[in-house]
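If you're wondering where the values come from, they're calculated on a predicted model, not measured in any experiment. In what follows, chains carry the letters A, B, and so on, assigned in the order in which the sequence lines appear, proteins first and then strands, with residues in each chain numbered from 1.
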There are 2 protein chains.
Amino acid sequence: MEEKANGGPRRERRTRAGREDDRDIRRAILEATRELLAERRLDEIAVADILAAADISRGSFYFYFESKHDVLAALVRQAVDQGHTAARPWLRHGDEDERYATVRHGISEGARLWRDQAPVLRAIVENWRSDPKLTELWLQQMEGYTAATTTRIEQDGSGAAVDPRALATALTWLGERLYYLAAIGVPPFDDEEALVDVLTHIWMGSLYQGASSDGDEQGGRPGADERGRP
Amino acid sequence: MEEKANGGPRRERRTRAGREDDRDIRRAILEATRELLAERRLDEIAVADILAAADISRGSFYFYFESKHDVLAALVRQAVDQGHTAARPWLRHGDEDERYATVRHGISEGARLWRDQAPVLRAIVENWRSDPKLTELWLQQMEGYTAATTTRIEQDGSGAAVDPRALATALTWLGERLYYLAAIGVPPFDDEEALVDVLTHIWMGSLYQGASSDGDEQGGRPGADERGRP
DNA sequence: GGCAGACCATACGCTCTGTCTAGATAGTCT
DNA sequence: AGACTATCTAGACAGAGCGTATGGTCTGCC
C-alpha cells in the first residue's frame, strides 16, 4: 500500500543519478531487514516483507542477495566491523586491580556491541546453524575472539591448569550465550550490570585463582607450566 | 519400509489387538523422529519424512501431535526424564578434593546425558526459540538446573562475590553451550575429556577462589593426561 | 448385521521460496 | 535524435511444505 498505488511507476523514489549510490537498493534491503529484525525473528520474516519494507521488487532482491540468510550474513559483517572487533585489548600484564579492570572493560565493550547491534546479533545466534555460510561466518567470528584470548592467556600464563585454547573457547561462547540471553530479556541478565559482573567474575576466577572482588589473591604466578603442556 | 507398495493396504502391520498398544502410533512417530534427528536437523525434516519413516498417514500424525515442534517437545521431555535430571548432587561440603570430585562428577553426568541424547538435545537447542512452547520448555529446564545450583552455592557460601543466582544461571548456560558444541563436533570440545576439564575448571574457579589451578595438583585429580590438541 | 473408532489415502488451500519473462525508465553512445 | 544497455518493476510460475478436510476401510464389539 502506501504511495505505491498512485498509478504510474514511482520513478524518482531513488535518484538514479550518480554512480556512487549504485548500491542504493542493496542498502535499502539491508536497512529494511535490520528494522524488521528489531521486531520479529528471522523465521517470521518473509522475503515479501523485506520487499515491501524496502519498496523494491522481487527481482531486485535476488539480484543482490541469494537469500534471506545471505542478507543476514551481510548484516552481521557490518555489525561486527562497526564494532571494530579488535577492540579487545583484553587482559594485560599488571597488578591484580589492573587485570580486573582490563577484563571488565573488555566485557563491557562486548555488552556495548550487543546493545547496539542486538537485533542482528540475536538473529545470527538463532540462525547460524541453519545455513552453511552462516555457520562458517559465526564460527569464524567466535574463533577470532578465541584466538585473541588464547594468546593473552598464554602470554601471562594464567589459568595454566587447563588447555588455554579450550578455556578461551569456553569463555568466548559463555559470552555469546549470556549476551544473547540478555538480548532476549532472560533474567537476571536483562540487567546489564549483573551480566557484566558475573561474566567478569567467571573470567577472573578461571584465569587467575582469585575471584573478582576480594583482593586476597597473590600476584603473577608466572610458572604456569606445571604439567608440561605442549 | 518398502513393504508398502505391495498393493493392498498393509493392515496387519500393527496389530490392533490389545488396548495397551493403543499409543502404538504415537510411539512410532516419536521413534521415527528421533531417528531422523540423528541424521538431519529438524528444519531439514518434513512432516512427510516422519510419515514415511513411521509408516503412518498424515491424519494419524496430526491426531497425536499438533506439529513437528510438538513432537520435539515430547522427545525432550522423554530425554531429560530418562536422564533423571535430579541426578545433580552437585557440590557438597568437604575438603578441596572432595568438592572438586563432586563438581566434576556432576559435569560428567551432564556429558553422559548429552552423549546419550545428542540428537534430541541438539534439536531443542537449535529450535527452542522458534516456538513459544519450546521456549518455555527449555527455559524451564535450564531453570531447574539453575535453581539446584543456586541452592548449593548459597549453602556453602562459595562465590560470594557475585549474585548466586546470576552465577548459577551463567554456569548452567555455559554447560548448555559447551555440551552443544561438543555434540556438533566443534573443537576442542569434540573431545569429551577436554570439555569436562574446562567446565570443571571454570566451575571451580568461579565457585571457590582457589580455583582448580593452584599449583597443588594433588592426587584427587585424574590428571587430564594432557592430550595435546589437533 | 450394524455401529463406532482408529486409521489410511488423498486432495485441498495456503504460504513461502526462488526463477523467469516482459516491459518501463534513465543514462550513454554515435 | 534514436538506438543501446543496464537497472529495476510487476507479476506469473513451479515446487515445497504445512495443516485441514473428506471419504473409505478395517477391526472389534454389541
Integer-rounded Å distance: C:dC16 P and A:E44 CD: 11 Å

B:Y64 side-chain proximity, nearest of C:dC7, D:dG19, D:dC8: C:dC7

Whole angstrom value for the distance that separates P of D:dC8 from CG of A:L51: 13 Å

Considering all heavy atoms, the nearest B:T149-B:T172 contact: OG1-OG1, 4.4 Å

Separation of atom CZ in A:R41 from atom P in C:dC16, rounded to whole Å: 14 Å

B:E136 atom CD, neighbour heavy-atom count above 12 within 6.0 Å: no

Nearest-neighbour nucleotide for the B:Y62 side chain, D:dC8, D:dC18, C:dT17 considered: D:dC18

Between C:dC8 (C1') and B:I29 (CD1): distance, integer Å: 13 Å

Atom of A:V103, atom of A:W203 and distance for their closest heavy-atom approach: CG1-CB, 3.8 Å

Proximal nucleotide (of C:dC8, C:dT17, D:dC8) relative to the A:A46 side chain: C:dT17

Nearest-Å distance for atom pair NE2/P, residues B:H69 and D:dG17: 15 Å

Rounded interatomic separation in angstrom, taking CG from B:D24 and C1' from D:dC26: 16 Å

Stepwise salt bridge (Lys or Arg N to Asp or Glu O under 4.0 Å) test for B:E39 and B:R122: CA-CA 11 Å; B:E39 299 168 357; B:R122 211 187 314 142; over 6 Å; no

Sugar-phosphate only, base, or nothing, as touched by A:S60 at under 4.0 Å among non-hydrogen atoms: base

Nearest non-hydrogen partners of B:A53 and B:A32, listed with the distance: CB-CB, 3.8 Å

Closest to side chain of B:K68, choosing from D:dC18, D:dC8, C:dC8: D:dC18

B:Q78, CD atom: more than 12 neighbouring heavy atoms under 6.0 Å: yes

With the criterion being N/O to N/O and under 3.5 Å, what pairs connect the protein with nucleotides 11-15 of chain D, and how long is each?
none

Nearest-angstrom distance from the residue atom CD1 of A:I50 to P of C:dT15: 18 Å

Closest heavy-atom pair and its distance - A:Y64, A:R26: O-NH1, 3.7 Å

Rounded interatomic separation in angstrom, taking CZ from B:F63 and P from D:dA21: 15 Å

